[in-house]
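Report on the structure given below.
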Amino acid sequence: MGLEGKVSAGTLYDKVWDMHRVAELPGGSTQLFIGLHLIHEVTSPQAFAALRELGLGVRHPELTVATVDHIVPTTSQVRPFADSLAEEMLSTLEGNCAEHGITLHGLGSGRQGIVHVIAPELGLSQPGMTVACGDSHTSTHGAFGAIAFGIGTSQVRDVLATQSLAMNKLKVRRILVEGRLQPGVFAKDLILHVIRSLGVKGGVGYAYEFAGSCIDALSMEERMTLCNMAIEGGARCGYVNPDATTFAYIKGRPFAPEGMAWDQAVAWWSALASGPDAVFDDEVRFDAGTIAPTVTWGITPGQGIGVDETVPTPEQMAAEERPIAEEAYRYMDLAPGTPILGLPVDVCFIGSCTNGRLSDLRAAAAVARGRQVAAGIKAFVVPGSEQVAALARAEGLDRLFQEAGFEWREPGCSMCLAMNPDRLEGRQISASSSNRNFKGRQGSASGRTLLMSPAMVAAAAVNGHVSDVRELLENPCAFASAPAETRPVAMSPSLMP
Amino acid sequence: MSDSPLPFGPIPVLQGRVVVVSGDDIDTDRIIPARYLKCVTFEGLAQGAFADDRIELKGSHPFDRPEHQGASILVVNRNFGCGSSREHAPQALMRWGIRAVVGESFAEIFFGNCLALGIPCLSGDHATILALQQAALCEPDTHFRLDLATAEIHSQASGAADSAQRWRLELAAGPRQMLLSGQWNATGQLLSHEEELVRTAAGLPYLAGFALV
Ligand code: SF4
């Protein structure tokens with residue numbers, strides 16, 4: 001019997017859940033085995049301390065992988081860090097990993113980076129796994145057809161101690177996206193559009209399965225962007241069924257199966273996809289062709305509009321959305337009815353686990369090439385990992401960005417959450433390729449964030465205000481730069497000439 | 001801040017005063033800003049609870065108002081605790097003195113993080129929560145009694161007994177039982193299934209190098 005014979009029926013979510021079910025717990029939840037546990041410096045130290053208190057060890061150190069991302073500075077990464085608290089967090093992680101025999105992909109290893117960028121690029125994230133990490137954007141790994149979700153520190157302790165978690169099964173909503181994204185429209189725009197439509201709590205209690213012809217045509221990096229932000233729509237995990245694109249991405253990566261095991265893995269992975277018998281608890285459809293470059297104007301990721309739209313008026317929204325919109329008008333200092341196009345920005349940030357991969361940097365570079373960051377704008381590029389940085393440098397993207405007036409930084413989370421020195425000041429407003437526009441998210445209690453795709457951030461940087469990237473792309477000089485694809489994961493097809 | 005002990009053992013009933021933090025979609029970045037996450041223990045987190053909102057409101061935030069000091073039941077609105085998975089958020093609330101949260105709805109990770117600390121999150125419909133918030137805001141001194149077995153909260157009127165009010169809330173059977181039995185910390189249960197853990201791991205193709213069975 002081939003491995004595919006071991007797979008049950010239903011949705012991918014059902015199949016993966018069934019295989020990882022350890023026991024039913026008295027409280028009605030299920031004990032679920034965790035196949036891959038990712039840890040970083042912010043949410044793990046208290047978990048290791050709790051283990052020590054309980055006199056427990058790490059059950060499967062070989063299934064836990066660590067890196068450092070949230071607190072690392074992106075200018076000088078020389079140790080000890082200037083910030084003694086950051087240094088303490090990093091050395092605590094180093095000590096815990098050494099003590100328990102956990103692999104740490106640390107600074108300078110060539111493998112360090114944002115946890116959700118490095119696990120895929122190392123081939124650690126694979127179809128059919130359960131993936132947990134003390135970070136809500138763990139949903140990213142669902143791009144591979146894994147069931148991946150964020151957990152709190154008490155649960156990190158539980159996974160370390162038992163390689164399992166008490167979980168409740170989610171419902172599954174299929175999000176069918178048909179058609180093609182228009183040129184200049186990216187996976188980021190698609191997910192901002194989905195969240196705008198279904199709301200920031202629309203996904204609570206659900207896993208989101210992304211399917212349809214548009215999703216089939218997305219690269220792995222685009223699928224990661226999509227699944228990454230499922231959590232911003234309230235869905236604790238999002239996933240895409242594994243297919244030839246998935247397998248081509250994984251093949252040859254450091255932790256990918258090889259030889260005979262590869263063929264058997266592909267057979268098993270293929271059998272995991274939601275079958276024709278799959279029953280979904282809900283289904284929603286979108287037409288990809290109608291989606292415009294999307295920008296958030298408010299203080300939740302659901303407050304997004306097409307770049308050619310105006311800030312919605314209270315009359316245009318459901319009554320229950322009005323109080324948070326009122327709060328957003330005040331905080332963002334934006335009146336209802338204001339066009340978002342042309343809104344001046346102060347800081348432009350390209351990076352994060354949503355949009356800090358090679359294809360993101362290429363898309364932004366296609367806009368930046370031959371142009372200059374507008375006067376008075378601070379613009380910087382933070383690669384998602386050391387590997388992304390190396391690949392980008394090999395293509396000359398670092399020089400391209402620097403010549404255009406962007407700063408080129410070392411990898412890390414950076415101004416996505418501003419735990420390191422990269423932060424907004426006062427009421428500065430940023431164009432950001434990250435995932436959260438919450439009040440104070442980017443390090444200033446009154447700082448403001450506009451979420452958008454990396455190409456849109458680059459467009460904002462060169463114009464000094466929110467711009468429609470499609471107009472810049474109509475300029476042929478933007479296309480001249482389109483680099484040849486080195487991997488199937490490379491560039492959005494919509495940017496190709 | 002409260003000096004009541006951290007949650008321990010079965011939690012059938014919680015009593016105390018209410019503090020209301022109103023608004024939908026209050027995310028964990030607002031409950032505790034990222035700069036407070038630079039720590040290797042949770043101990044000092046109470047001061048970070050709603051830190052930026054408190055600075056902005058210069059002393060008039062509910063967590064700073066004298067009448068709410070020592071309150072232990074937090075009443076919120078919809079989708080409370082969305083965003084980041086940081087357990088620092090419930091830890092900060094708990095260390096400030098919160099022992100239960102009542103609201104219209106909660107983000108899942110936040111709900112689970114609270115449960116793992118022995119902090120019940122009960123939900124009620126829009127009208128119920130507004131009424132409860134109104135009652136608490138009118139008389140901040142009122143003591144409330146939250147009964148987990150019946151998922152009810154009622155005010156304990158200081159004067160005439162008939163002024164006491166009662167509201168029905170919801171708490172799913174699973175979490176409710178965990179809190180009532182004192183088994184809200186899952187580690188012990190997870191550890192008790194050694195054989196099943198071994199068997200499940202053995203059945204996962206990716207842990208066996210994709211070898212054929
Ligand atoms: S890049 Fe941002 S969202 Fe992603 S892991 Fe880092 S802090 Fe979290």
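Below, chain A is the first sequence line, B the second, and so on; all start at residue 1. As the structure is a prediction and not an experimental result, all values here were calculated from the model.
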Pick from A/P257, A/A265, A/A166: which one has the most heavy-atom pairs with chain B under 4.5 Å?
A/A265
Measure B/E196 against the heavy atoms of chain A and call it side chain, backbone, both or neither at under 4.5 Å.
both
Considering only heavy atoms from C-beta outward, does the side chain of B/L207 approach that of A/L63 to under 4.5 Å?
yes
Which distance, rounded to the nearest 0.5 Å, do you find between the OG1 of A/T153 and the CG of B/N113?
7.0 Å
Validation row: A/V266, B/F210 side chains within 4.5 angstrom (heavy atoms):
no
At a heavy-atom separation under 4.5 Å, does B/E194 approach chain A through its side chain, its backbone, both, or neither?
both
For residues 114-125 of chain B, run the donor-acceptor check on the side chains, cut-off 3.5 Å, and write out each pair with its distance to 0.1 Å, sequence neighbours left out.
| from | atom 1 | to | atom 2 | distance (Å) |
| --- | --- | --- | --- | --- |
| B/D125 | OD1 | B/A127 | N | 3.3 |
| B/D125 | OD1 | B/T128 | N | 2.8 |
| B/D125 | OD1 | B/T128 | OG1 | 2.6 |

With a 4.5 angstrom heavy-atom cut-off, could you sort out which part of B/L190 is near chain A: side chain, backbone, both or neither?
both
State, to 0.1 Å, how close A/R436 and B/D29 come at their nearest heavy-atom pair, and which atoms those are.
CD-OD1, 4.5 Å
Quick check for you: to the nearest 0.5 Å, what is the distance between B/D27 atom CG and A/K439 atom NZ?
9.5 Å
Chain B: which of A/L165, A/L54, A/L93, A/I71 shares the most heavy-atom pairs with it under 4.5 Å?
A/L165
Within a strict 4.5 Å, meaning less than it, do heavy atoms of the B/N79 and A/V200 side chains meet?
yes
Bottom line for A/F255: the part with an atom under 4.5 Å from chain B's heavy atoms is neither
Quick check: do A/L56 and B/T187 have side-chain heavy atoms less than 4.5 Å from each other?
yes
What distance do B/E56 atom CD and A/Y331 atom OH have between them, rounded to the nearest 0.5 Å?
7.5 Å
Could you go through A/Q31 and B/L197, starting from their C-alpha distance and side-chain angles, then the distance that decides it, and tell me whether this counts as side chain to side chain contact (heavy atoms under 4.5 Å, CB included)?
CA-CA 9 Å; A/Q31 181 170 1; B/L197 275 167; 3.9 Å; yes
Just verifying a value: how many Å separate B/C82 SG and A/I231 CD1, rounded to the nearest 0.5 Å?
9.0 Å
Going from CG on B/D25 to CZ on A/F438, what distance comes out if it is rounded to the nearest 0.5 angstrom?
8.5 Å
Identify the two heavy atoms, one from B/S85 and one from A/S136, that lie closest to each other, and give their separation to 0.1 Å.
OG-N, 3.3 Å
May I ask you to decide whether B/K38 forms a salt bridge with A/D83, counting only side-chain N to carboxylate O separations under 4.0 Å?
yes
So that I know where these two stand, are A/W269 and B/Y206 an aromatic pair - ring centroids less than 6.0 Å apart?
no
Under 4.5 Å heavy-atom distance to chain B, tell me which part of A/P323 shows up: side chain, backbone, both or neither.
neither
Within-4.5 Å side-chain heavy-atom neighbours: A/E321 and B/D24:
no
Return the minimal non-hydrogen interatomic distance between B/H88 and A/Q46, and the atom names on each side.
NE2-NE2, 3.7 Å
For the student: nearest non-hydrogen atoms of B/A186 and A/D158, plus distance:
CB-OD2, 4.0 Å
Let's test your reading of the structure: which of B/G209, B/G83, B/S181, B/A173 forms the most heavy-atom pairs below 4.5 Å with chain A?
B/G83
Could you look at A/T162 and say if it's the side chain, the backbone, both or neither that has a heavy atom under 4.5 Å from chain B?
both
Heavy-atom pairs under 4.5 Å with chain B, option from A/S164, A/S29, A/A267 with the top count:
A/S164
Taking B/E87 for its side chain and A/S154 for its backbone only, find out whether a donor-acceptor pair lies under 3.5 Å.
yes
Checking the side chain of B/E108 only, and the main-chain atoms of A/G205 only, is there a donor and an acceptor separated by less than 3.5 Å?
yes
Name the option with the most non-hydrogen atom pairs under 4.5 Å to chain B; the candidates are A/T138, A/I151, A/I299.
A/I151
Heavy-atom count around A/E258 CD within 6.0 Å, excluding the residue itself: above 12?
no
Smallest heavy-atom separation, B/Q189 atom then A/P26 atom, equals OE1-CD, 3.5 Å
Crowded around B/R65 CZ? As in, over 12 foreign heavy atoms under 6.0 Å?
no
Most contacts with chain B, counted as non-hydrogen pairs under 4.5 angstrom, among A/Q163, A/E88, A/E232, A/H20:
A/H20
Just by distance, with hydrogens left out, do B/R86 and A/T43 show a side-chain donor and acceptor under 3.5 Å apart?
no
Do A/L417 and B/R35 make a side-chain contact, defined as non-hydrogen atoms from C-beta onward lying under 4.5 Å apart?
no
With a 4.5 angstrom heavy-atom cut-off, which part of B/T41 approaches chain A: side chain, backbone, both or neither?
backbone
Listed by residue number, which members of residues 100-107 of chain B have a heavy atom under 4.5 Å from any heavy atom of chain A?
B/F106
Interface moiety of A/S444 toward chain B, non-hydrogen atoms closer than 4.5 Å
neither
A/L25 side chain near B/Q183 side chain, heavy-atom distance below 4.5 Å:
no
Whatever's closer than 4.5 Å to a heavy atom in chain B on A/A23 counts as side chain
The interface call for A/R59 against chain B, heavy-atom contacts under 4.5 Å, is side chain
Could you tell me the separation between the CD1 atom of B/I109 and the CD atom of A/Q155, rounded to the nearest 0.5 Å?
8.0 Å
Checked A/M260, A/E41, A/R423, A/M129 vs chain B; the most non-hydrogen pairs under 4.5 Å come from A/M129
Between A/E327 and B/R30, is there a side-chain N and carboxylate O pair less than 4.0 Å apart?
yes
So, for B/T200 and A/M19, which heavy atoms are closest and what is the spacing to 0.1 Å?
CG2-O, 3.5 Å
